[in-house]
Amino acid sequence: MPQDAFSNRVSSLTNASRKFLSDIGAWSRVDESRVARIEEMQVWDGVSDASITFNANEAGISMKDGHAAYMTTMTENLNLQRALIRTLDSTSGVNIIDNTKVSSIVKDTENGGWPIVHTSSGGTFRARLLVGADGPNSPVRKFAGIESYGWAYDTRAIVATLYHAPRVEGLQNPNTTAYQRFLPTGPIAFLPLSSTASSFVWSTKPAIAAALTNVDGQILAHMINAAFRLPEVSLRHLYRVIMEEQENLTPEMILEEIRWRERSHSIDQYSAYSSYATEALGVPADDADLVPPVVKSVQEGTVASFPLRLSHADSYIGEDERGARTALLGDAAHTTHPLAGQGLNMGLGDAQALADAINDAVLVGGDIGSRTALLPYTRSRYFENHKLLSVVDKLHKLYGSTLPPVVWARSVGLEVVNELDVLKAAIMISAGSNLGSLKERVGRQGVSPWSVAATGVEIAGGLVDAVNLVGRTFQGTVSAGLRSVAESMERR
Ligand SMILES: Cc1cc2nc3c(=O)[nH]c(=O)nc-3n(C[C@H](O)[C@H](O)[C@H](O)COP(=O)(O)OP(=O)(O)OC[C@H]3O[C@@H](n4cnc5c(N)ncnc54)[C@H](O)[C@@H]3O)c2cc1C
């Protein structure tokens, strides 16, 4: 791709994932000119505007590779895939067979029950260990007869590459802040790629997603700006406009509608929340860093949308006669909502743990396909992944509500967490679990901005049930309870 164009499939990598990629020699093959480091993230509630800011310095993260402290790294999946293929290609003993489909997998019933893989190019492979890294519809999972539970979110994620003006040097932070606004229809995230290009992921109801992917790119750009700025009531109206008037709608019409809405909400024309910010020259508005830069256009051919679902395989390793000598990882084992940017990171964590298990088995002369060899893999990953899947799922549900007690509880939680630097740092490091050795936890779990937010908000989420049960009179107790939790964490 030309230097100013980006693929629409990008991922945020935790520092732990990046370290793993460095350790296996893949990161040095990534094109660094197409990598963006995220130093800060802003997350806010689209209904109450309660917000939380996370900054890499607060977590005590200091990287040694000549860059300012950063929380996560954005890169195109293609950039990473190319680096991984080059790494494999230069590793002795690895044979890459590409442009080939696995057409069937059968069990070698006569010789020990090993899996036999047949490919569309006529190849046949008898596997001591068959690893299914073959995505959500995993043929390996089906072969092994491993069930997977979960549900479809009534949501699609729209992605595209966006162009905008650079941040003003010396007066603003560079484009190193990621933004996520939780709307009742789903979150919208802005993810920097370069000084003038960023990616976005907008998870929303299928009907709205269909309209947004069908409209002219300029209309989509206006809608993205509005989604980060306008109150929910106006967004609901704009969704209706694009769904009902798709055929005749022009960018000028939607912009006029947005401007009318801004006036009715008394949004100052000189504020970064105004669509007139696109035309602003000179000194940026005081609140310019609170919202993403105004999107000017959408890169042609990059708008796409994906269905979202939660799924988790019952097991990561095949059991008994049928699935012996199989292991699952990545989306073959679990899929999650992208709001926490964790799918690929979880898969990389799986790969690392599986490699460790295989290595340990080889060192003691064990059989790498045996249940004994694979158990440490599933033990180290299953519960970790389960926790993350469940936090993300709760977060999705929590923010889908506009019920006042729910909005109140999540907003109080978010604001309280935002005020307590020590608690925030702890959340960033430990992603919500017990504080152990900070260093050890960074190494093991890493920090993803969205999972950090997910965990911070989960604290608020825990309040929702209680609030629903006992009503508003409980508010003071809840706040006091939260404060004491925070204080006890500060003491530790
Ligand atoms: C909008 C969106 C944004 C996301 N953002 C992030 C993010 O910021 N950070 C993050 O960590 N994750 C993110 N994710 C999740 C991430 O993209 C996935 O978790 C990740 O791509 C899964 O990788 P995988 O290799 O396990 O599966 P896949 O990417 O599905 O790869 C499976 C591979 O197996 C191949 N395959 C399947 N069947 C066969 C067969 N029969 N023969 C041969 N080959 C076969 C497929 O062709 C495919 O290449 C996002 C997801 C979405 C939808």
Side-chain angles (χ1 to χ4, degrees), residues 7-18 20-21 36 38 41 71-78 80-81 84-85 96-105 117-121 123 125 130-143 152-153 155-161 178 180 186-193 198-204 209 213 302-313 316 327-351 354 385 388-389 392 445-451 453-454:
S7 153
N8 59 4
R9 294 308 315 271
V10 300
S11 293
S12 69
L13 292 169
T14 62
N15 289 333
S17 293
R18 237 220 35 232
F20 170 54
L21 292 165
I38 309 296
M41 62 172 299
M71 299 176 66
T72 190
T73 309
M74 293 299 308
T75 191
E76 294 152 289
N77 293 357
L78 286 175
L80 195 56
Q81 282 165 336
L84 286 164
I85 289 169
I96 299 177
I97 301 158
D98 58 2
N99 290 316
T100 303
K101 202 176 165 201
V102 170
S103 47
S104 68
I105 309 170
V117 172
H118 295 289
T119 67
S120 55
S121 52
F125 302 88
L130 176 62
V131 177
D134 46 358
N137 300 316
S138 172
V140 174
R141 194 182 63 231
K142 283 177 197 140
F143 160 75
Y153 291 116
T155 302
R156 287 187 77 90
I158 312 165
V159 297
T161 305
Q180 183 150 264
I188 178 166
F190 179 95
L191 307 158
L193 294 173
S198 299
S199 184
F200 89 115
V201 183
W202 188 350
S203 307
T204 190
T213 44
T302 60
V303 182
S305 88
F306 302 87
L308 303 179
R309 61 176 290 122
L310 164 84
S311 65
H312 203 186
Y316 293 175
L328 301 176
L329 64 79
D331 276 23
H334 41 70
T335 58
T336 179
H337 195 297
L339 69 84
Q342 278 297 326
L344 177 60
N345 289 300
M346 287 162 84
L348 289 170
D350 297 345
L354 182 58
N385 287 341
L388 208 47
L389 294 174
V392 173
Q445 283 185 296
V447 177
S448 145
W450 309 131
S451 68

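Keep in mind it's a predicted model, so treat the numbers as computed, not measured. Order of listing sets the numbers, starting from 1, for every ligand and every atom in it.
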Backbone or side-chain N or O of [X] under 3.5 Å from ligand 1 N or O:
| X | answer |
| --- | --- |
| Val102 | yes |
| Lys101 | no |
| Gly341 | yes |
| Asp331 | yes |

Could you list the atoms of ligand 1 found under 4.0 angstrom from a heavy atom of [X]?
| X | result |
| --- | --- |
| Gly343 | 10 (C), 11 (O), 12 (N), 15 (C), 19 (O) |
| Val159 | 1 (C) |
| Gly330 | 26 (O) |
| Pro338 | 2 (C), 3 (C), 4 (C) |
| Pro136 | 30 (O) |
| Ser12 | 7 (C), 8 (O), 9 (N), 11 (O) |

Would you call [X] and [Y] a side-chain contact if the rule is heavy atoms closer than 4.5 Å?
| X | Y | result |
| --- | --- | --- |
| His337 | Pro187 | yes |
| Leu329 | Tyr316 | no |
| Leu308 | Pro338 | yes |
| Asn385 | Asp350 | yes |
| Val140 | Val131 | no |

[atom1]-[atom2] distance between [X] and [Y], expressed to the nearest 0.5 angstrom:
| X | Y | atom1 | atom2 | result |
| --- | --- | --- | --- | --- |
| Leu328 | His312 | CG | NE2 | 10.0 Å |
| Leu191 | Thr161 | CG | OG1 | 10.5 Å |
| Phe200 | Thr302 | CZ | OG1 | 8.0 Å |

How close do Ala332 and Gly132 get, heavy atom to heavy atom, and via which atoms?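 Scanning both residues, the minimum pair turns out to be CB-O, 3.4 Å.
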
Ala333 touching ligand 1 at heavy-atom level, < 4.0 angstrom: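 The answer is no, since Ala333 has no heavy atom less than 4.0 Å from ligand 1.
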
Among the heavy atoms of Met346, does any lie under 4.0 Å from an atom of ligand 1?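 For ligand 1, residue contact (heavy atoms, under 4.0 Å) with Met346 is absent.
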
Nearest-option assignment for atom 28 (P) of ligand 1, heavy atoms, candidates Ala304, Ala157, Ser305, Gly135: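 Nearest heavy atom to atom 28 (P) of ligand 1 lies in Gly135.
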
I'd like the name of whichever of Leu348, Asp134, Asn77, Leu339 reaches closest to atom 35 (C) of ligand 1 through any heavy atom.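 The residue whose heavy atom sits nearest atom 35 (C) of ligand 1 is Asp134.
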
Taking Ser11 as the fixed residue, which of Asn77, Thr72, Thr75 is the one that meets the side chain to side chain donor-acceptor pair (under 3.5 Å) rule?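 That would be Asn77; it is the only one of Asn77, Thr72, Thr75 passing the side chain to side chain donor-acceptor pair (under 3.5 Å) with Ser11.
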
Between Ser120 and Ser103, a side-chain donor and acceptor under 3.5 Å: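 Checked: Ser120/Ser103 side chains show no N/O donor-acceptor pair below 3.5 Å.
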
Ligand 1-proximal atoms of [X], by part, heavy-atom distance under 4.0 Å:
| X | result |
| --- | --- |
| Ala133 | backbone |
| Leu344 | both |
| Pro139 | side chain |

